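Just follow the structure's listing: the first ligand is 1, and inside any ligand the first atom is 1. None of the values given here were measured: they were computed from a predicted structure.
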Amino acid sequence: MNNIALIGFMGTGKTTVGRVLAEMLGYRFVDVDQEVENEQGVSIAHIFSELGESYFRLLERDMIKSLSGKRDIVISAGGGAVLDVRNVDEMKRGGVLVCLTAQPEVILRRVQGNSSRPLLQVPDPLAKIQELMAGRQQFYALADHTIDTSGMTVKETAAQVIAVTKKKARQ
Ligand code: S3P
């Protein structure tokens with residue numbers, strides 16, 4: 001399979017970069033969270049608050065499994081998807097796994113004022129970002145390639161993904 005799956009912490013730009021990347025490659029862009037929301041007809045925040053995080057993780061896993069069997073897609077996975085190593089295996093089965101990273105302060109700036117991420121609705125979101133990141137580092141390290149997005153534009157990051165995965169952008 002020839003997909004590109006983008007993983008990484010919330011706010012590292014997986015969705016924004018993924019859209020541009022898909023356009024450059026002539027691939028279809030698929031956001032796992034968005035697909036879960038479409039399928040369930042409710043928001044991720046609603047699923048977390050009404051059905052719990054573990055139920056969300058089941059939906060996320062099923063969605064990743066079905067998407068990984070497709071071809072020519074750029075997948076943007078939620079920041080916690082890598083916590084289940086089966087998701088990592090599925091995405092690798094489907095293609096190349098690229099991790100986007102950014103400094104916690106950059107992430108805070110990007111996600112501030114956005115209430116769609118239930119895990120960051122806490123009094124000290126920066127501390128929460130640092131804590132979650134530290135605990136997830138070992139999982140993000142499973143990616144085939146890692147790109148620090150901190151000082152880069154969306155287009156530059158997408159071009160960098162193409163360079164490291166050695167795909168050809170459409171002219
Ligand atoms: C999560 C990240 C979110 C979403 C959910 C949980 C996480 O996706 O899946 O809120 O555990 O890091 P994004 O990384 O696209 O924000």
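Within ligand 1, counting atoms from 1 as listed, the ones closer than 4.0 Å to a heavy atom of Phe56 are 9 (O). When each atom of ligand 1 is checked for a heavy atom of Leu119 under 4.0 Å away, the hits are 7 (C), 11 (O). Atom numbering of ligand 1 starts at 1 in the shown order; those under 4.0 Å from a heavy atom of Gly78 are 8 (O), 9 (O), 14 (O).
Looking at ligand 1, you won't find any N or O of Phe48 less than 3.5 Å from one of its N or O atoms. At a 3.5 angstrom cut-off on N or O pairs, Lys14 counts as close to ligand 1.
Here the closest heavy-atom approach between residue Ala102 and residue Thr12 is recorded as N-CG2, 3.8 Å. Contact between Ala77 and Lys14 at its shortest, heavy atoms only, is O-CE, 2.8 Å.
Among Arg110, Glu60, Gln34, Arg57, the residue whose heavy atom lies nearest to atom 11 (O) of ligand 1 is Arg57. Among Glu53, Arg117, Arg136, the residue whose heavy atom lies nearest to atom 12 (O) of ligand 1 is Arg136.
Salt bridge Arg109/Glu105: absent, no basic N to carboxylate O contact under 4.0 Å.
Ranking the protein heavy atoms by distance from atom 7 (C) of ligand 1 puts Gly80 N, 3.3 Å first. For atom 10 (O) of ligand 1, the closest non-hydrogen atom of the protein is Pro118 CD, 3.6 Å. Here the protein heavy atom with the shortest distance to atom 3 (C) of ligand 1 is Asp33 OD2, 3.5 Å.
In this model, no donor atom of one side chain and acceptor atom of the other lie less than 3.5 Å apart for Asn3 and Asp72.
Of the possible donor and acceptor atoms, one in the side chain of Glu156 sits under 3.5 Å from a partner among the backbone N and O of Thr153. Not one N or O on the side chain of Arg170 forms a donor-acceptor pair closer than 3.5 Å with the backbone of Leu25. For Thr149 (side chain) and Met152 (main-chain N/O), no donor-acceptor pair under 3.5 Å exists by modelled atom type.
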